[in-house]
Amino acid sequence: MTDRIITLRGQSPTAKTYRIDYAGLLNPAQLAAVTHRDGPILVVAGAGSGKTRTLIYRAARLIESGVAPESILLLTFTRRAAQEMLRRVEGLLGDGARGIAGGTFHSFANTVLRRYSNAIGIKPNFTILDRADMEDVINLVRTRSGLVTRDRRFPKKSAIAGLISMARNKRRTIADEIDIDYPHLAEHLAELIQLAAGYDGYKKERGLLDYDDLLDRLTELLDRHEPVRLKLGAAYRYVMVDEYQDTNAVQAELVRQLGREHGNVMAVGDDAQSIYSFRGANFRNIMDFPALFPGARIIKLEENYRSVQGILNVANEVINGAAEKYTKALFTRREGGVSPLLVRAGDEHMQSRFVAQRILDLREEGIELEEIAVLFRSGFHSFDLELELQRCDIPFIKRGGFKFVETAHIKDVLAHLRVVANPADAVSWLRVLMLVPGVGHRTAERAIDGIVEAADPAAAITSALAAPGDRRAGAASRLADLMTALRAKGITPARQVGLVMEYYAPILRDAYPDDYPRRQRDLDHFQTITERYRSLESMLTEMALEPPADSLGGVLATDSDEAVLTLSTIHSAKGLEWRVVFLIWVADGRFPAPQGVEPEEIEEERRLMYVAATRARDELYFVYPIYMFDRAVGYTMGQPSRFLDSLNPETLPTAALEESDDTSEG
DNA sequence: TACAAGTAAGTTTTT
DNA sequence: CTTACTTGTA
């Protein structure tokens with residue numbers, strides 16, 4: 001009799017065994033990326049090539065190798081992507097995966113900055129400005145400094161905000177940025193420089209940080225305070241960055257700083273899917289990764305597991321029409337399926353009817369609404385379709401485009417809460433005060449300084465606006481009472497929202513006599529959402545960094561388990577996939593969007609169409625209307641998008657719609 | 001002087 | 001639909 005052999009695990013690296021059969025579950029390229037342990041690595045991953053899968057298995061592999069989950073940092077572009085990833089790692093490893101740090105660049109920056117705020121002289125209770133807030137501040141600074149109000153040609157606040165933000169994302173001075181990207185604003189150079197400086201000063205003074213500040217100040221913190229950098233480097237031994245092609249110069253620098261001590265940085269991305277240059281991203285960044293981390297290993301994932309060959313052919317032919325050649329060629333082993341189709345509709349409404357009808361048929365065929373998406377270039381492209389879907393009782397959720405937290409009524413409510421969290425937030429005070437009947441910007445601006453300085457804002461409001469005999473006394477004292485109530489100890493954020501809504505309801509009715517019920521419904525849903533927050537600060541931060549963006553029938557959506565169709569801008573659909581995808585408004589003048597004229601902008605639109613096509617697994621429909629309405633020129637004849645010009649007719653067959661003679665059919 | 005109401009023009013994509 | 005400027009009113 002021979003003895004049984006019992007293996008002792010975990011003593012030597014060679015004897016290491018893993019619960020997960022990595023070699024059996026991954027292809028050789030994925031396996032190479034997943035088992036890569038130390039040192040920089042760049043994974044160039046084509047659409048549908050298992051990019052997310054690779055990230056998840058790498059995280060699992062690290063943890064199984066003894067790396068503590070807390071020392072893994074996963075940076076993604078959306079919180080949704082981060083959560084999805086953490087969920088899937090937990091699916092693999094169970095509780096062993098708990099504790100992985102992750103989030104967007106901005107939310108990570110927020111967390112670190114609040115902890116180390118004193119090191120770079122910012123207040124820990126800083127307020128985050130979203131784009132609309134930024135524009136409000138710019139306007140305020142502009143009027144205060146007496147800068148150009150008469151000149152009609154002076155750029156609007158949104159253009160100024162775009163300029164300032166772009167300069168910072170590309171790490172340029174205002175002068176350089178105007179020179180390179182905004183030459184038409186050159187005549188206002190001096191004022192714009194002054195305005196940008198005023199804007200910066202104002203934020204510093206008031207404890208305000210905009211999106212760009214979050215990244216910039218974190219970079220500054222890491223740059224100037226070596227102990228902090230070393231601490232973070234030690235805390236996060238393994239850094240993984242998703243969608244690296246959409247990073248800009250600031251984010252690339254941040255990644256470099258975070259990985260400086262250990263070099264354990266994995267960047268994953270696809271240069272052909274770079275669609276955020278308007279935010280300062282440059283798809284060439286991904287090719288510069290080896291320059292950032294010399295000696296970086298490069299792995300390409302080129303096998304597509306998502307789409308059938310017919311869909312991949314469309315995607316490949318679209319991207320092959322690009323002036324710039326990208327780094328990979330996708331292939332798949334998924335043969336068969338239905339051929340993609342280019343559908344020509346008479347007008348926009350026929351386009352909508354076709355999509356709705358086909359979706360109903362798909363449901364008959366057993367395809368759930370959850371497995372279907374309708375994608376489009378711009379948020380407003382789906383308006384007509386939304387009406388048609390409602391008519392057909394097809395439930396849907398819309399992502400992207402319009403944002404609820406940027407609507408006036410939600411911003412109004414939030415402003416009342418923001419002044420509680422940060423009494424120095426003068427822009428929010430301005431908004432709050434101007435809502436008081438009888439108070440305009442003049443009165444508000446005069447009252448602000450006193451209120452900001454005051455230990456008790458309620459008393460300051462009373463003394464500024466509610467003098468005896470003042471016609472605004474009643475309204476002002478209601479505001480003062482509200483402020484006192486909001487500052488009560490132990491009050492929950494949801495209760496605070498409730499108090500503000502009580503105060504705000506009559507103002508809402510007054511300001512929007514035509515559609516206040518709809519806005520009121522929004523606010524009710526908004527209050528439901530706020531139930532889950534424990535602190536006002538965390539709520540306000542999340543509203544700025546990850547605002548609720550989904551809408552149901554034009555109203556803010558709350559979490560629901562109902563199976564629904566997805567409508568989405570292509571930008572918001574990134575990284576996601578569906579069995580069936582419709583792409584509507586595939587017409588020149590809509591896609592590419594008419595605003596882009598530079599060759600580089602057109603190239604990005606082409607990549608955008610590539611992203612759209614590669615979202616589909618089994619069926620793909622491109623739809624466009626012949627009769628298009630344009631406000632500028634009236635009705636015009638629609639042409640298919642120019643990106644389809646070079647396509648082989650066999651790759652994308654066409655179909656036309658006709659009305660049924662039989663009135664009993666659609 | 002300051003507020004409110006009314007008019008005319010421009011409207012991509014997101015943290 | 002929102003922004004920015006113009007006109008009307010207290």
Side-chain angles (χ1 to χ4, degrees), chain A residues 75-82 103-110 128-136 139 142-143 149-159 162 165-166 168-169 209-215 243 246-248 250-251 274-281 375-381 383 399-403 405-408 411 434 436-446 471-472 510-515 519 541-547 549 554 568-574 585 589-596 601 604-605 607-609 611-612 630-632:
Chain A
L75 293 172
T76 58
F77 271 70
T78 62
R79 169 105 94 230
R80 193 177 267 134
T104 62
F105 277 94
H106 292 85
S107 65
F108 175 69
N110 171 65
I128 298 171
L129 301 179
D130 66 21
R131 183 53 172 264
D133 300 325
M134 178 183 182
E135 293 179 4
D136 287 347
N139 245 9
R142 197 180 92 162
T143 48
T149 44
R150 296 270 151 71
D151 190 343
R152 188 171 296 216
R153 285 173 308 171
F154 198 74
K156 294 206 290 195
K157 60 180 182 177
S158 63
S165 182
M166 191 61 94
R168 297 183 63 196
N169 279 300
L209 268 70
D210 65 22
Y211 290 140
D212 305 324
D213 287 323
L214 287 172
L215 302 185
E243 308 280 14
D246 289 324
T247 53
N248 57 36
V250 181
Q251 286 157 331
S274 166
I275 53 176
Y276 280 101
S277 71
F278 66 90
R279 201 167 69 186
L375 307 183
F376 30 85
R377 172 66 183 86
S378 311
F380 69 90
H381 289 172
F383 288 168
R399 286 179 177 171
F402 182 78
K403 284 198 213 54
V405 289
E406 291 188 4
T407 54
K411 290 216 77 136
M434 300 234 304
V436 176
V439 176
H441 68 273
R442 220 54 203 239
T443 312
E445 268 174 46
R446 238 174 322 180
R471 65 198 157 86
R472 303 167 298 211
D510 237 39
Y512 306 99
D514 297 331
D515 69 341
R519 291 174 192 258
T541 299
E542 191 159 319
M543 287 301 154
L545 293 180
E546 273 303 319
S568 176
T569 60
I570 300 169
H571 284 89
S572 296
K574 189 140 112 100
W585 280 115
R590 301 290 152 113
F591 199 167
Q595 288 81 5
E601 294 174 303
E604 177 150 313
E605 300 276 316
R607 293 193 294 271
L608 199 53
M609 182 169 285
V611 170
D630 251 302
R631 213 172 284 186

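Residue numbering restarts at 1 for every chain, and letters A, B, ... go by the order of the sequence lines.
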Scan nucleotides 8-10 of chain C against the protein and return all N/O pairs shorter than 3.5 Å with their distances rounded to 0.1 Å.
none

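- For the pair A:D246 (side chain) and A:I275 (backbone), a donor-acceptor distance under 3.5 Å is present.
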Legend entry - Bracket string, DNA chain B, 5' to 3' - pairs by Watson-Crick or G-U geometry under 3.5 Å, | interstrand: ||||||||||.....
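- When rounded to the nearest whole Å, the span between CD of A:E135 and C1' of C:dC1 equals 15 Å.
- For A:M434 and B:dA2, the CE to P distance is 14 Å, given to the nearest whole Å.
- The side chain of A:N139 places an N or O atom within less than 4.0 Å of a non-bridging phosphate oxygen (OP1 or OP2) of C:dA4.
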Anything under 3.5 Å between a protein N or O and an N or O of nucleotides 13-15 of chain B, put it in a table, one pair a line.
{"residue": "B:dT13", "atom": "OP1", "partner": "A:G379", "partner atom": "N", "Å": "2.9"}
{"residue": "B:dT13", "atom": "O4'", "partner": "A:R377", "partner atom": "NH1", "Å": "3.2"}
{"residue": "B:dT13", "atom": "O2", "partner": "A:R377", "partner atom": "NH2", "Å": "3.0"}
{"residue": "B:dT14", "atom": "OP1", "partner": "A:G401", "partner atom": "N", "Å": "3.4"}
{"residue": "B:dT14", "atom": "OP1", "partner": "A:T569", "partner atom": "OG1", "Å": "3.2"}
{"residue": "B:dT14", "atom": "OP1", "partner": "A:S572", "partner atom": "OG", "Å": "2.9"}
{"residue": "B:dT15", "atom": "O4'", "partner": "A:R279", "partner atom": "NH1", "Å": "3.4"}
{"residue": "B:dT15", "atom": "O3'", "partner": "A:H106", "partner atom": "ND1", "Å": "3.2"}
{"residue": "B:dT15", "atom": "O2", "partner": "A:H106", "partner atom": "NE2", "Å": "3.4"}

Legend entry - Step-by-step side-chain contact (heavy atoms from CB on, under 4.5 Å) determination, A:E605 to A:R377: CA-CA 9 Å; A:E605 300 276 316; A:R377 172 66 183 86; 2.8 Å; yes
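- The two residues A:G280 and A:N169 make their nearest non-hydrogen contact at CA-CB, 4.2 Å.
- Under the 4.5 Å side-chain criterion, counting only non-hydrogen atoms from C-beta, A:V250 is not in contact with A:F105.
- The backbone N or O of A:D210 lies less than 3.5 Å from a partner atom in the side chain of A:D213, making a donor-acceptor pair.
- Under the 3.5 Å distance criterion, the side-chain polar atoms of A:W585 are left unmatched by any main-chain donor or acceptor of A:R590.
- The closest donor-acceptor contact from the side chain of A:D133 to the backbone of A:D130 lies under 3.5 Å.
- Taking atom CD of residue A:E601 and atom P of nucleotide B:dT12, one finds them 13 Å apart after rounding to whole Å.
- Within the 3.5 Å criterion, the main-chain N or O of A:T569 finds no donor-acceptor partner in the side chain of A:S572.
- For A:S378 (side chain) and A:H381 (main-chain N/O), no donor-acceptor pair under 3.5 Å exists by modelled atom type.
- As rounded to whole Å, 12 Å separates atom C1' of B:dA2 from atom CD of A:E445.
- Checking side-chain atoms of A:E406 against main-chain N and O of A:A132 turns up no donor-acceptor pair under 3.5 Å.
- Protein atom CZ of A:R519 is 10 Å distant from nucleotide atom P of C:dC1, rounded to whole Å.
- Straight-line distance from the CZ atom of A:F383 to the P atom of B:dT11: 16 Å, rounded to whole Å.
- At least one donor-acceptor pair closer than 3.5 Å links the side chain of A:Q251 to the backbone N or O of A:N248.
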